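Remarks on the structure that follows.
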Number of protein chains: 2
Amino acid sequence: MEGKGKRVVTLRDVAQRAGVSTMTASKVMRGAGSISEKTQHNVRQAAHDLGYLPNSLAGSLSSRKSRMVAVIIPSIADVVFSEVLSGVNSVLRPCGFQTFIGESLFDPGIETDLLREMLSFRPAGLLLNGGMMRSLDAQSLLERRNCPVIRLWDGDHAEHDFSAGLSHEEAGRLVAEHLLERNMRRIAYVGAELNRDLCARRRHLALQSALRAKGIDLISMTSESMPRQAETGRVLTGNLMETHPQIEAIHFLNDAMALGGLSYLHEIGIRVPDRVSVVGFNGTSLANAVRTRLTTVDVPRMEIGSVAARALLQMLSGERVEGRWQAPLRVVQGNTTVMI
Amino acid sequence: MEGKGKRVVTLRDVAQRAGVSTMTASKVMRGAGSISEKTQHNVRQAAHDLGYLPNSLAGSLSSRKSRMVAVIIPSIADVVFSEVLSGVNSVLRPCGFQTFIGESLFDPGIETDLLREMLSFRPAGLLLNGGMMRSLDAQSLLERRNCPVIRLWDGDHAEHDFSAGLSHEEAGRLVAEHLLERNMRRIAYVGAELNRDLCARRRHLALQSALRAKGIDLISMTSESMPRQAETGRVLTGNLMETHPQIEAIHFLNDAMALGGLSYLHEIGIRVPDRVSVVGFNGTSLANAVRTRLTTVDVPRMEIGSVAARALLQMLSGERVEGRWQAPLRVVQGNTTVMI
DNA sequence: TAGGACGATGTTATCGATAACAACGATTGT
DNA sequence: ACAATCGTTGTTATCGATAACATCGTCCTA
């Protein structure tokens, strides 16, 4: 916002030019009330001539309605979340809703600030990515909310008004089953930032307890300080193989880390999946891009976003929506032949 | 926005409870004017007790100032743009600015709509990703803008108030030089969506003309209907190798497509870089994750975002900023030994 | 032909804050 | 001791729209 001298065109200017009252012009602009064809045309013409651009601040303030939806995700640069977001957008935008995106970086402080700032714009709805700690301030902000709140990504709990996501517990179990079926016994997990990402942690724990039920101890190699990227996967896999050279299978927090792990295993001459099985997570397009197609758990990310968005639209149109939607999960088998 | 019965707490309620006028409360809340310690404390206490949440719509409307910055990028799910965005956020958020993200999907219609909607919130600034067609409506919206406009990603032209990006022409030439130095003669380009992404197209053309200057005809295999992902890289590389089996080097639109290409070449038994050299683009972390480290052009994406954001902040604080910033580019050499 | 119903338009108050300036007591300098 | 100054606080108008209701012909029906 920066005054460039030339006063901005307001609805009043449009009305004057069209020779009607402001109210009439307002009705024409948002297609409300009943206005004669002729007047409508005049107003629209005037608006066009003057280059009128509505002021949503004023509009929303007055009507106490808005068409903006606030979304908070941990990271924009992580395909996993940005694809959920694309799903959200694909539903909301055609319906004339704006999405407003915030990036929490898994930091409860940032999340709280974002929440406060976004709510101060009185959004029509709020989509929150699940899976992180939440500050007390944030909780009380959410309690006092006056818009629907939908949780994304985390489908284990039915918090807020609705949740759309996957069951991370189921995901952990699924991987355990997959490995057990193939008679793996020496199993490891490689991940990062589990203290901040509660969803990933839940998958990890589910895997661990499913294995323990069969008398197997999961070996975990994780880092809290390194990012969840390929390079970290490489490094941690290195640590892992040094301390536990007999490992038969490794499950990674995500596909990117798994790729890093694959590249390390290749370097030291360990064949995948002959000697070591590798299982990623998310089913990103990466998994198919590498020569040794990665075994991974496919998560319908776009769909999670679109389901959440549709639920929000329903709530906004007065329908009663409750509970949660759990995304279907499946293990996608990678190469079984050696393709190193 | 949805009335839940309980009336929202306004500044007036806070003021009443603190026993001061609304104006005084307002000053306290935004740290303006000079207010006694005691009053400040009272007001803050009252605000806290009531759970007051400012209404930015009203605030911005009245002051004609806002702390929101609108950003439009082609795709959120594409790491390339989302990392630029992270750079923007890393600078703006600590300064109390909100970013407001729109996804144009390279569609001029959507971009125009987004522009209109975002400008209707009277943002403090506008960051626009360069490299796509722009509708006439969008152009006139931009002409009537009353906030600074900064162009991202495209550093070839100095449009708008400032540009921060890379020179795509330089990038194309850089790749040409790299290949020519290595005595490549049969060179191909694989890409997608060049009609919509003008930046990618410019790189392509620069490569083509640099080669032609040395008497080499660039062979291009592109698609307008497929997405710029690994799978498309695979498919197009397949087409390419069938029609031009003698190819010595392939440059891809981005790293993801290059990975797809690599995986295809591997499948049909073509060794990289022995028989065919592969050069990606962007220097994403992917490039290092694969066994045959990809040769690519490193682009400092985060930095582009942060430079743009800092320029915006300067403009907002009244400093005069002009021209453009061009990101340094360099070719990152991948494996030279065979690591298939 | 009176009395509604209805379509089209205008009037007034309000949304929740801030800008600009006025007011007022206390301090300060001469 | 009196005006000037300063720090603090309050008053009024305004930002640009919309909600709710009022108005005023016109057309229809009994």
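No experiment lies behind these values; they were computed from the predicted model shown. Labels below follow one simple rule: chain letters A, B, ... track the order of the sequence lines, proteins then strands, and each chain is numbered from 1.
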message: Less than 4.0 angstrom between a side-chain N/O of T22(B) and OP1 or OP2 of dG10(D), yes or no?
response: no

query: Is any side-chain nitrogen or oxygen of R30(B) closer than 4.0 Å to OP1 or OP2 of dA19(C)?
result: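 The answer is yes; a side-chain N or O of R30(B) sits under 4.0 Å from OP1 or OP2.
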
ring-ring contact (aromatic ring centres under 6.0 Å, His included) pairs, two or more places apart, involving residues 134-159 of chain A: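 Qualifying pairs: F81(A)-W153(A), W153(A)-H168(A).
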
Nearest to side-chain heavy atoms of [X], which nucleotide of [options]:
{"X": "V20(B)", "options": "dG10(D), dT18(D), dA17(C)", "result": "dG10(D)"}
{"X": "T10(A)", "options": "dT9(C), dG16(D), dA17(C)", "result": "dG16(D)"}
{"X": "T24(B)", "options": "dC15(C), dA17(C), dT9(D)", "result": "dT9(D)"}
{"X": "N55(A)", "options": "dG16(D), dA19(D), dG10(D)", "result": "dG16(D)"}
{"X": "M23(B)", "options": "dT11(C), dA17(C), dT11(D)", "result": "dT11(D)"}

task: Give, ordered by number, those residues of residues 37-45 of chain A having at least one heavy-atom distance below 4.0 Å to an atom of DNA chain D; if nothing qualifies, reply none.
output: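 Contacts with DNA chain D under 4.0 Å: none.
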
task: Classify the side-chain pair Q16(B)/R12(B) by whether it contains a donor and acceptor separated by less than 3.5 Å.
output: no

With D13(B) via salt bridge (charged side-chain N to carboxylate O under 4.0 Å, His left out) - residues at least two apart: R7(B)

Axis deviation across the helix from dT1(C)-dA30(D) to dT30(C)-dA1(D), five-pair ends, to the nearest 10°: 40°

- request: State which residues pass side-chain hydrogen bond (donor to acceptor under 3.5 Å, both in side chains) with S75(B); sequence neighbours excluded, sorted by chain then number.
  value: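 S75(B) satisfies side-chain hydrogen bond (donor to acceptor under 3.5 Å, both in side chains) with no other residue.
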
message: Mind checking if S21(B) touches a base, just sugar-phosphate, or nothing, with heavy atoms under 4.0 Å?
response: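 Base, at least one base heavy atom under 4.0 Å.
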
- prompt: Touch check for S34(B), heavy atoms < 4.0 angstrom, all strands: base, sugar-phosphate only, or nothing?
  reply: base

Anything under 3.5 Å between a protein N or O and an N or O of nucleotides 22-25 of chain C, put it in a table, one pair a line.
none

